[in-house]
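The first residue in the sequence is number 1, and the count goes up from there.
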Amino acid sequence: MDIIDVPAWPLYKLTADQDGTVTITGPAAPKYTFPDRASAVDAVAQLAAVLRPSRAVRAEAVDADGTAWPVTIDPDGTVTEAGRPTKPRKKDRKARTEEVASHRADKGPVEERPVLSGVQQLLAQAQARQQQHLVPAPRAQTPPTAPLEDDPHRAISEASQAGRHREAAAIAAACEQAALRSHGPASAEVAHWIEVRAFLALQEGTAHRACQLWLQGAVVRLTATQPPDHPDVVEAVDRAHHAWHLVTDQDKARELGTELLNIRSRVTGRSGALTDVQRRLGNIS
């Protein structure tokens, strides 16, 4: 397949660290670190497989020294070179090397972390984002071995992993109502819990509901004066866009696509995202 046959959206970047681990950026990309390039490629291939229709996607494989290799990744995991590599400027490469060395010196011993899966990964990310933005008031310290019974994210994750989807959704909805009372309807706190409900909807297999909720979360964030290029706004729209490709019901896809097209006029995202929405809407009978 020629590169011109692969739409510009979505575009993923697979960035390797000095230790060989790889992180992925792009629409609906997992936010955790992969142990090697092959596992990262597999993750992007899975994202390509759930597009409707499934197809190859564009990507950049970035080496630890900053050299970027344009490629395409097929749903079956096939990687095809799509152009000549781009090497960073000498001073940028030197700065990158010094940054990595400094970062490693500051990190000290590497802590072993358990590998999370499924909704646990999404909720861990959401929890970290909430802690970053909300900066909650400090509470009394508890022993390291004490169970985190007051952590709603953990309760939601455990319920979802056990298949108790209604229970998980009910906890998230209760947290959303509490945030609504404390911070008002146009707040990042409310948007956060709407997005948690979207995670759960996608985990349960209701892609149309997940898309709708992520669009709602994006609108709430914009109403809360977060700009269209704010990372959380862009991520919400990108995840809604990804979930929209999983919606097979033509009427729902058309309705949600119209909403997505409207918000894409404000939150354009990566190059080709708006064109992708227009193309699929045009193909929906």
Side-chain angles (χ1 to χ4, degrees), residues 3 6 10-50 56-133 144-145 148 151 153-154 157 161 199 203 231-232 234-235 238-239 242 269-270:
I3 184 63
V6 181
L11 173 66
Y12 295 95
K13 180 177 290 187
L14 291 69
T15 305
D17 198 352
Q18 294 288 345
D19 60 2
T21 59
V22 179
T23 55
I24 304 174
T25 55
K31 300 301 181 183
Y32 46 93
T33 300
F34 291 84
D36 51 42
R37 182 89 70 185
S39 57
V41 168
D42 287 342
V44 174
Q46 292 176 23
L47 294 170
V50 298
V57 296
R58 299 193 188 207
E60 285 186 349
V62 183
D63 292 339
D65 66 356
T67 302
W69 301 78
V71 298
T72 60
I73 299 176
D74 287 281
D76 64 1
T78 300
V79 179
T80 305
E81 292 186 11
R84 301 179 63 180
T86 302
K87 293 184 176 294
R89 294 179 300 176
K90 185 176 180 180
K91 65 177 182 178
D92 292 339
R93 185 164 60 249
K94 180 180 178 182
R96 181 181 177 87
T97 303
E98 292 176 349
E99 179 184 356
V100 170
S102 175
H103 178 63
R104 288 187 173 279
D106 293 340
K107 284 198 304 184
V110 177
E111 176 187 358
E112 292 292 332
R113 296 178 179 272
V115 177
L116 303 180
S117 61
V119 76
Q120 287 179 320
Q121 295 164 341
L122 296 173
L123 291 175
Q125 173 198 356
Q127 182 181 11
R129 186 190 306 115
Q130 185 197 39
Q131 291 173 343
Q132 177 183 359
H133 290 299
T145 56
L148 300 177
D151 181 4
H153 295 90
R154 176 174 176 175
S157 177
Q161 289 294 308
F199 291 150
Q203 182 75 8
D232 289 344
V234 173
E235 181 178 355
D238 280 349
R239 289 192 177 277
H242 179 76
R270 291 181 179 272

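- Of the inter-residue distances, the one linking Phe34 atom CZ with Thr21 atom OG1 reads 11.0 Å to the nearest 0.5 angstrom.
- Rounding to the nearest 0.5 angstrom, the gap separating the CG atom in Leu11 from the OG1 atom in Thr72 is 11.5 Å.
- The two residues Ala40 and Ile24 make their nearest non-hydrogen contact at O-CD1, 3.5 Å.
- Rounded to the nearest 0.5 angstrom, His242 NE2 and Glu235 CD are separated by 12.5 Å.
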Next item on the list: Quick one: do Asp42 and Ser39 satisfy side-chain hydrogen bond (donor to acceptor under 3.5 Å, both in side chains)? Show the steps, please.
Entry: CA-CA 5 Å; Asp42 287 342; Ser39 57; over 6 Å; no
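- Of all heavy-atom pairs between Pro85 and Pro70, the closest is CA-CD, 4.1 Å.
- The residues Asp63 and Lys87 are annotated as not salt-bridged, no charged nitrogen and carboxylate oxygen being separated by less than 4.0 angstrom.
- Formation of a donor-acceptor pair under 3.5 Å by the Asp65 side chain with backbone atoms of Thr67 is found in this model.
- Considering every non-hydrogen atom in both Arg270 and Thr25, the closest pair reads NH2-OG1, 3.9 Å.
- Listed here is the closest heavy atom pair of Arg37 and Leu14: NH1-O, 3.0 Å.
- Here the side chains of Ile73 and Tyr12 are not in contact, with every heavy-atom distance at 4.5 Å or above.
- Closest non-hydrogen pair, Pro75 versus Ala56, comes out as CD-N, 4.0 Å.
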